[in-house]
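Treat the numbers as computed from the prediction; the structure is a model and nothing was measured.
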Amino acid sequence: QFAYVATHDLKSPVVDIDGHFNRLKPSIKGRNDQMDQSINYIESSLHHFNTTLTSLSEAIKLKEGKIELKPIEVKNLIVSIDKKYHLRVEAIGGNLDIQEVPSIFILGTDLFSYSILDNLVSNALKYRSEERPLDIRITFDEDEYYFFINIIDNGLGLDLDFHKDRLFQMFNRFHDH
């Protein structure tokens with residue numbers, strides 16, 4: 001109940017900030033590169049905050065059985081990830097290599113399915129090694145029962161023996177970065 005009330009109460013001020021920012025933006029856009037970068041950063045941050053609130057709200061509804069899972073086309077998810085990260089990875093001298101995406105559907109929600117992949121690629125960027133160029137590969141496998149999306153990177157890595165019990169729990173950090 002608390003999470004539902006919190007997401008609802010936080011949404012209103014974010015919408016207000018977004019509205020005021022959109023009214024202010026035309027008067028400051030194009031003044032200089034630093035101002036335009038700030039505008040882009042604010043827009044990106046507002047979008048991220050809204051997405052986070054929507055994800056939390058969706059998680060609550062899913063837990064309460066108010067959202068049904070539906071078929072999600074994997075190709076659309078991967079295309080979105082590629083659009084978001086390809087240039088960012090290249091800009092730091094890295095490589096984002098994506099195997100040809102098979103025509104397959106998974107059962108989930110749009111937001112959660114995207115969020116899982118987004119977090120994995122984002123973490124690959126965040127926790128990359130300074131000793132070598134970043135290399136992220138997205139590949140696909142399947143067996144008789146399952147379809148696998150593999151996101152492999154050459155980052156800092158984890159000691160799985162030490163962290164395995166906490167790996168997929170929320171709000172865990174394994175590197176000071």
For Phe140 and Glu100, what are the C-alpha separation, side-chain angles and deciding distance, and is it a side-chain contact (heavy atoms from CB on, under 4.5 Å)? CA-CA 8 Å; Phe140 311 93; Glu100 185 175 335; over 6 Å; no
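- Of the possible polar contacts, one joining the Arg132 side chain to the Gly155 backbone as a donor-acceptor pair under 3.5 Å is found.
- When the side chains of ILVMFWY residues are joined at heavy-atom separations under 4.5 Å, either directly or via intervening members, Ile92 and Tyr85 end up in a single hydrophobic cluster.
- No single ILVMFWY cluster, assembled from side-chain heavy atoms under 4.5 Å apart, contains both Ile152 and Ile138.
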Which atom pairs, one a donor and one an acceptor, fall under 3.5 Å between side chains of residues 34-41 and the rest of the protein, sequence neighbours left out?
| residue | atom | partner | partner atom | Å |
| --- | --- | --- | --- | --- |
| Asp36 | OD1 | Gly30 | N | 2.8 |
| Ser38 | OG | Gln34 | O | 3.1 |
| Asn40 | ND2 | Asp36 | O | 3.4 |

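- More than 12 heavy atoms of other shown residues, nucleotides or ligands fall within 6.0 angstrom of atom CG in Asp143.
- Grouping the Ile, Leu, Val, Met, Phe, Trp and Tyr side chains by contacts below 4.5 angstrom, directly or via other members, places Phe147 with Ile151.
- A chain of hydrophobic side-chain contacts below 4.5 Å, direct or via other Ile, Leu, Val, Met, Phe, Trp or Tyr residues, connects Phe49 to Leu24.
- Nearest heavy atoms, Asn95 versus Val89: N-CG1, 3.4 Å.
- Heavy atoms only, all atoms of each residue included: Leu134 and Ile136 are closest at CD2-CD1, 3.7 Å.
- Between Leu87 atom CG and Asp82 atom CG the span is 8.5 Å, to the nearest 0.5 Å.
- Hydrophobic clustering, with ILVMFWY side chains joined whenever heavy atoms are under 4.5 angstrom apart, groups Phe21 together with Leu10.
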Acceptor/donor pairs from residues 104-116 side chains to any protein atom, 3.5 angstrom cut, sequence neighbours excluded:
| residue | atom | partner | partner atom | Å |
| --- | --- | --- | --- | --- |
| Thr109 | OG1 | Glu58 | OE2 | 2.8 |
| Thr109 | OG1 | Phe112 | N | 3.1 |
| Asp110 | OD2 | Lys70 | NZ | 2.9 |
| Ser113 | OG | Thr109 | O | 2.8 |

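- Between the CD1 atom in Ile17 and the OG atom in Ser12 there is a gap of 10.0 Å [rounded to 0.5 Å].
- Checked by atom type, the side-chain pair Asn123/Lys126 shows no donor-acceptor distance below 3.5 Å.
- Not one N or O on the side chain of Asp18 forms a donor-acceptor pair closer than 3.5 Å with the backbone of Val14.
- For the atom pair CD1 (Ile149) and CD1 (Ile81), the distance works out to 10.0 Å, reported to the nearest 0.5 Å.
- Pairs of residues two or more places apart, or lying in two chains, that qualify as salt bridge (charged side-chain N to carboxylate O under 4.0 Å, His left out) and include a residue from residues 83-98 are Lys84-Asp118.
- In terms of modelled atom types and a separation under 3.5 Å, the side chain of Arg23 and the main chain of His20 share no donor-acceptor contact.
- How far CG of Leu156 is from CD of Glu131: 8.5 Å, rounded to the nearest 0.5 Å.
- A donor-acceptor contact shorter than 3.5 Å is absent between the side chain of Asp135 and the backbone of Asn154.
- Contact record, Pro133 with Gly93: CB-O, 3.6 Å, taken as the closest heavy-atom pair.
- Side chain of Arg31 to main chain of Ser27: a donor-acceptor pair is present (N/O by atom type, distance under 3.5 Å, no hydrogens or angles).
- Judged by distance alone, the side chain of Asp153 and the main-chain N or O of Val121 form no donor-acceptor pair under 3.5 Å.
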